[in-house]
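To keep things clear, I will list the structure first and then write my remarks on it.
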Amino acid sequence: MGSQDSQMKIVHGEFGYILEDVPHFNDYIPSLHTYPNPLRSNTAYSVVKQYFVDVDDTVPQKIVVHKDSPRGVHFRRAGPRQKVYFKSDDVLACIVTCGGLCPGLNTVIREIVCGLSHMYDVNKVLGIDGGYRGFYSKNTITLTPKVVNDIHKRGGTILGTSRGGHDTAKIVDSIQDRGINQVYIIGGDGTQKGAAVIYEEIRRRGLKVAIAGIPKTIDNDIPVIDKSFGFDTAVEEAQRAINAAHVEAESIENGIGVVKLMGRHCGLIAMYATLASRDVDCCLIPESPFYLEGKGGLFEFIERRLKENGHMVIVIAEGAGQDLLTESMQAANQKDASGNKLLQDVGLWISQRIRDHFARQNKMAITLKYIDPTYMIRAIPSNASDNVYCTLLAQSAVHGAMAGYTGFTVGLVNGRHTYIPFNRITERQNNVVITDRMWARLLSSTNQPSFLSPKDVNEAEKEKPPPTQLLDNGNCEDGRQSGKQADSNYGTKN
Ligand SMILES: Nc1ncnc2c1ncn2[C@@H]1O[C@H](COP(=O)(O)OP(=O)(O)O)[C@@H](O)[C@H]1O
Ligand SMILES: O=P(O)(O)OC[C@H]1O[C@](O)(COP(=O)(O)O)[C@@H](O)[C@@H]1O
Ligand SMILES: [Mg+2]
């Protein structure tokens with residue numbers, strides 16, 4: 001490997017190889033003592049050939065390549081290392097969950113506690129109560145394998161969560177005062193930004209404290225990673241609402257079922273729930289503008305679909321059409337404690353607009369049922385495959401912290417578990433790219449109008465990354481600018 005960037009720990013190798021590495025204690029603490037990994041004598045793991053990850057193992061961000069394309073960006077492969085930087089008895093770990101709920105939070109908590117205990121004989125783990133503010137305003141919860149044994153069967157987080165309340169200095173004071181030396185932070189983009197500044201402060205103070213993030217987002221809008229835990233569970237649960245809407249709609253003449261799903265800025269839940277269901281006639285998402293009246297508008301489409309089929313189902317993501325909701329502007333600039341914009345209820349609004357339209361037209365009597373399962377799809381336990389996924393994420397985080405890595409987020413990249421620098425997952429958000437094949441698949445499955453003029457397509461195209469995956473979005477000159485580009489993300493990969 002060649003030169004190293006002092007700011008971002010970027011290592012350049014041959015043939016355009018780039019490693020976007022994560023920090024390590026060795027970067028700022030000299031002459032640290034190391035210990036053999038206790039897994040060497042663990043009866044379950046010691047029989048595995050090549051159980052330990054080679055120090056040079058890295059994972060490419062882009063897997064679609066041509067014979068002459070550069071090797072591109074890589075991330076450090078997650079997993080256990082031969083040497084660890086903590087003696088088991090010396091570890092005092094803590095876990096905190098922040099931001100909105102997501103299926104699988106409890107599973108990740110469980111597997112961090114069990115991973116630390118069963119793999120590394122670490123038995124001092126604290127739960128921080130109620131998000132970041134719990135570091136300085138509340139007591140901690142003692143977490144043992146027994147305490148967390150069956151929490152994966154429950155929705156929510158046994159630790160509680162919150163928005164707002166991030167005071168970096170006070171959080172790091174609390175970490176230092178309590179003697180905590182491993183911090184596991186489970187949360188979304190806001191939480192990971194918070195984790196990044198905690199790491200910076202820890203490093204500034206020269207503390208041997210590992211900061212490990214586990215990315216959480218129900219919307220699946222964290223870039224770089226293949227998908228976020230709990231997303232599949234949420235999409236599955238959304239099917240129940242869509243089914244109910246369909247049953248209601250098809251049981252009555254000109255029945256319309258409207259289902260509002262989560263997605264402030266990103267329509268991935270709505271898109272996948274629609275693609276999975278096949279009962280949906282129209283899916284509306286924040287990324288795709290639409291209009292109601294006139295030729296090519298939503299009302300015209302509803303009329304046509306009702307004439308053809310006698311019923312229809314509309315799925316709308318909560319962030320869709322916000323620009324159209326001008327009536328109640330007084331709430332438009334309200335924000336939550338974390339600074340996230342509060343949205344108007346687009347489901348209620350669109351339901352009323354559809355009712356008004358058909359009442360005014362007086363040519364077709366409709367019956368509309370509005371179903372709002374918003375919180376039901378996230379306040380549930382994770383499904384079986386998300387449980388396994390959560391387990392591997394948690395174990396990756398534990399292996400990384402024990403091996404002395406810090407300032408990283410764990411994430412699945414092209415099917416392999418990796419350590420990703422915080423900035424790569426917080427610098428922008430993923431979303432549906434409406435000029436990509438996945439959205440085309442949706443349009444073709446619902447046969448809904450795209451609501452796009454050629455001008456809109458051009459606009460969307462400008463925001464898109466280059467047409468092949470050959471250039472790495474994060475590093476090609478033009479790729480950094482757009483917040484709306486496709487990544488190697490599950491949601492947008494096609
Ligand atoms: N830029 C930031 N710097 C530090 N902390 C942040 C930042 N953005 C959000 N946070 C904190 O992260 C936590 C969760 O953020 P929030 O946006 O509510 O949820 P999510 O992590 O799911 O995006 C909150 O405690 C919030 O104060
Ligand atoms: O009502 P709350 O708790 O603020 O959460 C609702 C919002 O959180 C989200 O689920 C996004 O949260 P995450 O992506 O961080 O999980 C949005 O889709 C939704 O609008
Ligand atoms: Mg967020």
Side-chain angles (χ1 to χ4, degrees), residues 96-105 108 128-138 155-157 159-172 185-201 211 213-223 225 227-231 233-235 237-238 260-273 285-287 316-320 322 334-347 372-380 382 409 422-423 425-432 483 489 491:
V96 64
T97 50
C98 311
L101 293 182
C102 180
L105 284 167
V108 176
I128 304 297
D129 194 351
Y132 277 133
R133 62 168 62 103
F135 272 106
Y136 46 87
S137 62
K138 287 195 177 171
T157 157
L159 301 179
T161 186
S162 62
R163 297 197 189 271
H166 180 105
D167 183 325
T168 313
K170 277 162 93 177
I171 291 169
V172 178
I185 301 176
I186 313 169
D189 55 340
T191 307
Q192 302 301 321
K193 282 178 195 156
V197 288
I198 292 172
Y199 157 71
E200 291 296 341
E201 180 59 16
I211 306 294
I214 297 100
K216 168 251 35 152
T217 158
I218 192 82
D219 292 343
N220 198 24
D221 59 358
I222 290 185
I225 62 174
K227 67 168 170 173
S228 51
F229 72 81
F231 178 73
T233 304
V235 168
E237 187 66 11
K260 184 182 76 173
L261 292 176
M262 281 200 161
R264 258 195 253 258
H265 309 287
C266 163
L268 284 168
I269 293 180
M271 178 169 82
Y272 271 82
I285 58 169
E287 296 87 337
I316 185 159
E318 64 188 321
Q322 286 293 317
Q334 285 180 8
K335 295 194 168 158
D336 70 14
S338 292
N340 303 306
K341 197 176 162 195
L342 291 176
L343 300 179
Q344 311 291 301
D345 191 330
V346 73
D372 179 358
T374 307
Y375 293 102
M376 293 179 69
I377 69 166
R378 75 174 194 187
I380 51 170
S382 43
T409 285
F422 282 131
N423 66 299
I425 62 150
T426 55
E427 64 195 0
R428 61 191 172 76
Q429 285 178 315
N430 227 356
N431 52 16
V432 175
N489 186 286

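None of the values given here were measured: they were computed from a predicted structure. Whatever order the structure lists them in is the order used to number ligands and atoms, beginning at 1. What you see below is based on every heavy atom in this structure, not just the backbone, and it leaves out hydrogens, waters and symmetry mates. Residues take their numbers from the sequence shown, with the count starting at 1.
- Counting heavy atoms from C-beta outward, Ile185 and Ile198 have side chains that approach closer than 4.5 Å.
- Within the structure, ligand 1 has Lys216 among the residues with a heavy atom less than 4.0 angstrom away.
- Ordered by chain and residue number, the residues placing a heavy atom less than 4.0 Å from ligand 2 are Arg163, Lys216, Thr217, Ile218, Asp219, Met262, Gly263, Arg264, Glu318, Tyr375, Arg378.
- Ranked by closest heavy atom to atom 25 (O) of ligand 1, the top entry among Gly187, Gly164, Gly339 is Gly164.
- Ligand-side atoms of ligand 1 in range of Lys193: 1 (N), 2 (C), range being under 4.0 angstrom from any heavy atom.
- Among Ala337, Gly194, Gly165, Gly99, the residue whose heavy atom lies closest to atom 4 (C) of ligand 1 is Gly194.
- Using 4.0 Å as the threshold, Gly131 has no heavy atom nearer than that to any atom of ligand 1.
- Leu268 has its side chain out of reach of Lys227: every pair of non-hydrogen atoms, C-beta onward, lies at least 4.5 Å apart.
- In this structure, atom 10 (N) of ligand 1 lies nearest to the protein heavy atom Gly190 O, 3.3 Å.
- Checked options Asn220, Thr217, Asn430; the residue passing with Ser228 is Asn220 (criterion: side chain to side chain donor-acceptor pair (under 3.5 Å)).
- Every atom of ligand 1 is numbered from 1 in the order shown, and the set under 4.0 Å from a heavy atom of Gly188 is 20 (P), 21 (O), 22 (O), 23 (O).
- Protein N/O/S atoms found under 2.8 Å from the Mg ion (ligand 3): Asp189 OD1.
- For the pair Asp221 and Arg264, the salt-bridge criterion is not met [side-chain N within less than 4.0 Å of a carboxylate O].
- Residue contacts with ligand 1, taken as heavy atom pairs separated by less than 4.0 Å, involve Asn340 solely via side-chain atoms from C-beta onward.
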